Amino acid sequence: MSQHRNKKTAKKWTVGLLAAAMVFGIAGCGGKDGNNAATSETSSYNKEGLPIVNEPVTLKVLTVRWGSMGDTFTQNQWMKDLEKNTNVKIEWQVMSSNDWAEQKSIMLASGTLPDIILGNQTFGDSDIVNNLSYFRPLDDYIEKNMPNLKAAMEETPEMKKISTFPDGKIYSLPTRLPSRPKSSRQPVINKTWLDKLGLKVPETIDELYNVLKAFKEQDPNGNGKKDEIPFIEIGNDLISPFGIADLNNNNMLIKDGKAIYFPVSEEFKEGLKWENKLYAEGLLDKEVFTQDDTMRSAKFQNPDAPIVGFTYQWTPDAVFGKWSDQYVTIPPITGPDGKRYTIGNPIGMSLNRNELLITTSSKYPEVAARWADQFYTNEASIQNFWGAIGTVIKKNDDSTYTLMDPPAGTSADAWYWDQSLRDFGPKYVSPSFEQKIVLNPESGDGLKLQLDKLGSEYVTEPFPNVMYTSEEFEELPTLTTDIDGYVNTMRAQFISKGGIDEGWEDYVKQLNKMGLEKLIKIRTDAYSRYMSVK
Amino acid sequence: MKSDPIQFSRKFGQIKQNWGLYTLLFPAVVLTLLFSYKPMYGVLIAFKDYSPALGIGGSPWAGFKYFEKFFNSYQFSATIKNTLVISVYSLITFPIPIMLALMVNQMRPNRFRRFFQTISYMPHFISTVVMVGLMMILFSPSTGLLGNMYSLFGKEAPDLMGSAGLFSSVYVWSDVWQHVGWDSIIFIAALSAVDPSLYEAATVDGASRMHKIRYIDIPMLMPTAITLLILRVGGLLGVGFEKVYLMQNDLNITSSEILSTYVYKIGLLSSQYSFSSAINLFNTVINFILLIMVNQISKKLSENSLW
């Protein structure tokens with residue numbers, strides 16, 4: 001799954017647009033005041049049953065897709081049927097994640113919003129909290145117009161918990177995805193190389209060290225050149241054996257029920273020392289801090305011979321191109337404390353919020369709410385996650401569901417993204433319904449669920465996606481830009497140049513000077529608020 | 001003051017007479033007003049707690065809060081220092097296009113000269129994104145051209161893109177390579193306008209090639225050079241955003257975080273509009289002061305100035 005996208009690719013594309021964006025952004029700062037209360041309703045609106053309206057109504061729906069995925073998902077048969085059955089016509093505004101960051105700022109600054117915002121990468125918590133007047137509180141609509149969602153929230157109370165804002169209201173709707181694993185990226189190793197050199201699958205970090213060393217020195221790809229790159233790192237993966245597993249990229253950990261900022265922890269320090277050792281001996285990719293996505297994937301799919309030994313991936317099938325059958329996923333590596341840790345979420349990575357917002361500029365909030373409620377049935381959800389029944393999903397006589405094979409030459413994951421809203425948008429699959437979905441364990445989501453078993457019992461509890469108040473959001477961006485930036489810089493220096501023991505004290509001192517205490521306080525306050533929502 | 005009716009009608013008559021020229025001017029005036037003057041109103045948000053929902057007028061005043069925040073921030077001295085290092089470094093390379101122009105001017109025959117000129121200004125048309133991509137590939141210590149050249153001699157190439165110390169050099173010299181031909185065009189044009197009789201007279205007096213460059217070419221180039229220099233100084237703190245941002249990574253960030261990239265991260269990516277406007281306004285004011293200062297100095301010293 002394309003959870004991890006290197007920012008640099010996006011960076012390249014966005015820069016070009018930026019100059020223009022700034023000019024228009026400022027020019028557009030006129031500001032409009034949304035007309036909140038007025039809910040002019042069409043006379044043909046039906047409170048129950050279908051169609052939702054007798055006379056067709058058009059709603060504008062904005063959503064963001066990864067990279068250049070485009071809008072093929074709108075051709076999903078379920079979507080087409082929905083339009084026919086409800087009489088609600090949808091005018092899609094499909095944006096690309098590459099330039100969304102700037103587009104978003106401009107859109108918020110201008111105050112011109114469509115009726116519905118769909119998908120959790122469209123507007124984040126801070127966008128919503130800082131612009132509450134643009135969005136309608138949805139509690140009443142859920143109560144009156146959304147029976148499916150209401151039932152879902154009763155069955156799975158976390159749905160309500162994660163989408164309750166600090167002021168106690170619900171502005172954005174949650175989702176529960178089907179068949180999601182507990183672990184995120186897992187260790188992947190070149191099994192062909194291991195067999196050739198007569199090595200075992202590494203269990204501990206010391207064994208891993210020996211394996212990487214052997215990869216480096218014994219020419220496992222057999223081309224006579226020392227072109228092997230034993231390890232390519234993405235994010236903070238390599239120090240996950242030290243207990244640092246940061247699913248949400250916020251540099252926070254939950255340890256014994258307490259939230260801690262790990263870049264100043266002993267574990268992080270030990271992890272850096274280990275990475276520095278690998279880097280110094282050439283076991284870690286030398287260009288880990290300078291390369292972009294394209295350069296990295298060129299290494300994974302090197303045309304003449306495989307050159308990568310070990311890395312962390314969602315599944316090994318897509319990344320390595322024609323070498324993919326050489327790679328296998330292995331159980332997490334045991335750390336120095338004798339325990340294993342995996343990045344992920346022990347309650348499953350199935351719950352998300354901010355999947356659907358109804359704006360105050362929409363003239364038909366009831367219609368929009370009833371339209372959104374159609375997504376919260378089991379069958380609708382699986383069709384929006386994989387593709388329509390008949391195209392992607394096969395409904396069997398024993399009322400189980402299986403997925404069809406993707407067309408030749410397409411990976412399963414890419415095909416699902418092509419056919420459905422996939423990760424984004426409102427969904428609810430009940431845990432009991434999940435049993436009826438039978439997935440092929442050899443590719444895509446079925447494969448991931450299979451691999452998940454290797455790591456799921458070691459998954460650590462991540463610092464959750466907590467909500468911050470608008471006051472906290474005033475401080476937070478500058479604090480995180482400065483502090484996380486400094487942590488990344490020092491991490492890169494410590495790993496590539498060493499000097500960790502000598503430099504550590506100054507590093508912590510500098511972080512404190514930059515307001516680390518304030519950052520930790522904001523984070524822990526928000527965490528205790530999150531835990532207290534019943 | 002009351003305007004003289006006769007003078008007024010004469011002025012109006014002038015406009016009437018040249019109405020075609022004024023029509024041509026009109027779109028330019030409108031564009032400048034719309035895109036340069038109207039947005040200036042937005043500068044207000046640097047002094048306000050701006051929230052898009054409230055609009056510029058409706059947001060509460062914050063005074064100099066955001067300026068203080070920036071002056072007290074950890075990034076203040078670092079970004080200013082990096083910006084200055086990069087821009088002063090690029091300023092030092094200012095004479096290079098002049099030297100190139102003098103060289104080209106001496107070239108005979110003409111066909112070779114034109115060929116050379118075309119080649120030298122070609123790289124100017126490479127877009128920044130592609131340029132930085134090229135640099136990343138060429139300078140890669142493991143797979144790039146540079147890395148391969150070093151490994152031929154059994155050595156390991158320096159990581160140019162990942163070095164904080166070398167960042168400004170990589171930035172400035174790649175810029176020189178890319179733009180030197182283009183920047184020299186204006187000087188070549190100025191040289192071709194030199195009256196040939198000057199050279200003839202110099203030849204009669206027995207001047208050598210170096211003498212002609214020294215006593216004819218360089219003095220003739222001075223007005224153009226000074227004007228361009230003043231403009232360059234005016235943009236001293238305004239180092240272009242794109243190239244630096246694209247070249248940034250965790251290893252070189254200590255010397256590659258400049259004002260404009262910081263403003264981008266704070267303002268557009270973290271939606272801190274007021275804070276980033278304050279930083280940008282500060283930047284603009286400094287540039288404006290520098291421009292005026294250099295203009296005054298040059299007026300005193302060389303009688304060349306913008307106004």
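Values reported hereafter were calculated over all heavy atoms of this structure, with side chains retained and with hydrogens, waters and symmetry mates removed. We name chains A, B, ... by the order of the sequence lines, and we start the count at 1 in each one. This is a predicted model, so every value here is computed, not measured.
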Heavy atoms only: give me the nearest N249(B)-F289(A) pair and the separation to one decimal. CB-O, 3.2 Å
To the nearest 0.5 Å, tell me how far I266(B) CD1 sits from T481(A) OG1. 4.0 Å
Output for pair (M136(B) CE, E287(A) CD), nearest 0.5 Å, gives 9.0 Å
Would you indicate whether F71(B), at its atom CZ, is surrounded by more than 12 heavy atoms from other residues, nucleotides or ligands within a distance under 6.0 Å? yes
Turns out that what part of L251(B) lies under 4.5 Å from chain A's heavy atoms comes down to both
Less than 4.5 Å to any heavy atom of chain A: does that hold for the side chain of S277(B), its backbone, both, or neither? neither
Interface moiety of Q493(A) toward chain B, non-hydrogen atoms closer than 4.5 Å: both
How long is the span from the CG atom in N488(A) to the CG atom in D250(B), to the nearest 0.5 Å? 4.5 Å
Tell me if the CD atom of E281(A) is crowded by more than 12 foreign heavy atoms within 6.0 Å. yes
Verify the neighbour count for atom CZ of F125(B): are there more than 12 heavy atoms of other residues, nucleotides or ligands below 6.0 Å? yes
Got a sec: does the CZ of F288(B) have more than 12 other heavy atoms crowding it under 6.0 Å? no
Distance (rounded to the nearest 0.5 Å) between K265(B) NZ and T478(A) OG1: 14.0 Å
Out of K497(A), R491(A), K299(A), Q510(A), return the one with the most heavy atom pairs under 4.5 angstrom to chain B. Q510(A)
Minimum-distance pair of heavy atoms, taken over all atoms of F473(A) and Q272(B): O-NE2, 3.7 Å
Crowding at CD1, I186(B) (>12 non-hydrogen neighbours, <6.0 Å): no
Engaged part of S496(A) at the chain B interface, taking heavy atoms whose separation is under 4.5 Å: side chain
Heavy-atom closest pair (E474(A) atom, K69(B) atom, distance to 0.1 Å) is O-NZ, 4.1 Å
Could you grab the distance from atom CE of M490(A) to atom OG1 of T254(B), nearest 0.5 Å is fine? 9.0 Å
Can you find a heavy atom in the side chain of Y262(B) that is under 4.5 Å from one in the side chain of D482(A)? yes
